[in-house]
Every structure is written in structure tokens, then in C-alpha cells.
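Below is one structure; the comments refer to it alone.
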Amino acid sequence: MAFKGILWGIVFLFTAVIYATIPTFLIVRFWVWLNSFPVYTLSLFMLFLWIVALIVVLIYIVAMVRAFIQRNNEEGLGIPKGVKGFGLISTVVVLVFMLVWYLLFNQIAFFSMVPPI
């Protein structure tokens, strides 16, 4: 049971890192381009999505800490199945996408993007 808690904690750590780094990098990199539009609706919407991503990061940091702390609990980790499923599936999808992108284009996905200016 302890090994299972550690594995879920690592999955939640990867999910938190993914949802923290990729949107933050993209919002910083594209901020000038987003503000070049005459209507600021797109930049405000992207800022809203970035804040939502940061809230998701906080949820997964709490889930990671809980998985590490309760790894020896006989009743289970107490983490909802939806949090586990979304974390596992989204982490696998993003990592597979980044791996395929690297194999096809020899670039790191998301971090090799440049603004169209």
C-alpha cells in the first residue's frame, strides 16, 4: 500500500509540474502578442485560463501531499477517483504528445512555440 501511495504522489507531482510550467511559459511568451489585438477579450480569457490552471496545480499539490502522507493508511489514500483519473490520463496524454512531437520534429513541444509576430 505504501508503494501505491508513493506512485500516486509522483503522478500528481508530474501533473502539477505540467499544469504549472506549460501555461505559465505560454502566457509569458505570448503576452505581447495577445495584447496586440484591439480587443483585449482574448488576453483576458487566456489570463482566466492561466488562473484556472494554477488552481488545478494547487489541487494536485494537495493531492500529492495527501498521497505521500497517507501512503500507509489501510483504508486507502482518500483521494477521489476523478482526481486520480484526470491526473493520470492528462499526464500520459501530455507526455506522449511531447514524446511524439520530439520524435517527429526534434523540438520540445510547447516550449519551442514562438509568437507569430
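- Between the CZ atom of F3 and the CZ atom of R71 there is a distance of 12.5 Å, given to the nearest 0.5 Å.
- The two residues I79 and A63 have their closest heavy-atom pair at CD1-O, 3.5 Å.
- The CG atom of L88 sits 10.5 Å away from atom CG of L7, with the distance rounded to the nearest 0.5 Å.
- Residues A67 and G5 come closest through the heavy atom pair CB-O, 3.6 Å.
- Placement of L47 and Y19 within a single hydrophobic cluster is found when ILVMFWY residues are connected by side-chain heavy-atom separations under 4.5 Å, directly or transitively.
- Applying the ring-ring contact (aromatic ring centres under 6.0 Å, His included) test to pairs two or more places apart or on separate chains, those with a residue in residues 92-117 are F25-F111, F97-W101, F97-F110, W101-F105.
- The line from CE of M98 to CD of Q107 is 11.5 Å long, rounded to the nearest 0.5 Å.
- Put simply, L49 and V39 are part of two different groups of oily side chains (I, L, V, M, F, W, Y) that touch within less than 4.5 Å, one to the next.
- Listed here is the closest heavy atom pair of T91 and F14: CG2-CB, 3.9 Å.
- Under the 4.5 Å side-chain criterion, counting only non-hydrogen atoms from C-beta, L34 is in contact with I27.
- Pairs engaging residues 28-42 under the side-chain hydrogen bond (donor to acceptor under 3.5 Å, both in side chains) rule: N35-S43 [sequence neighbours left out].
- Looking at heavy atoms from C-beta onward, V96 lies in side-chain contact with V92 at the 4.5 angstrom threshold.
- Taking hydrophobic clusters as Ile, Leu, Val, Met, Phe, Trp and Tyr residues chained together by side-chain heavy-atom distances below 4.5 Å, I59 does not share a cluster with I89.
- Dense packing is recorded around CZ of F37, with more than 12 heavy atoms of other residues, nucleotides or ligands lying under 6.0 Å away.
- Contact annotation: the side chain of W8 never approaches that of M64 to less than 4.5 Å [non-hydrogen atoms, C-beta and beyond].
- The minimum heavy-atom distance between I10 and F68, with the atom names listed, is N-CZ, 4.0 Å.
- Note: the hydrophobic cluster containing F12 does not contain L58 (ILVMFWY, side chain heavy atoms under 4.5 Å, direct or indirect links).
- A donor-acceptor pair under 3.5 Å is formed between the side chain of Y60 and the backbone N or O of V83.
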Show your working on side-chain contact (heavy atoms from CB on, under 4.5 Å) between T15 and S90 and close with a plain yes or no.
CA-CA 7 Å; T15 307; S90 65; 4.1 Å; yes
Do L26 and I22 pass the side-chain contact (heavy atoms from CB on, under 4.5 Å) test, and can you show the C-alpha distance, the side-chain angles, and the key distance before you say yes or no?
CA-CA 6 Å; L26 292 177; I22 293 173; 4.0 Å; yes
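- Between the CZ atom of R66 and the CD1 atom of I61 there is a distance of 16.0 Å, given to the nearest 0.5 Å.
- Summarising the geometry, atom CG belonging to L103 is positioned 4.5 Å from atom CG belonging to L99; distances are rounded to the nearest 0.5 Å.
- Looking only at side-chain heavy atoms (C-beta outward), M46 and F30 stay at 4.5 Å or farther from each other.
- Heavy atoms of other residues, nucleotides or ligands lying less than 6.0 angstrom from CG of L42 number more than 12.
- F86 and L54 fall within a single hydrophobic cluster, where Ile, Leu, Val, Met, Phe, Trp and Tyr are joined by side-chain heavy atoms under 4.5 Å apart, directly or via other members.
- Within a 6.0 Å sphere centred on CG of L95, heavy atoms belonging to other residues, nucleotides or ligands number more than 12.
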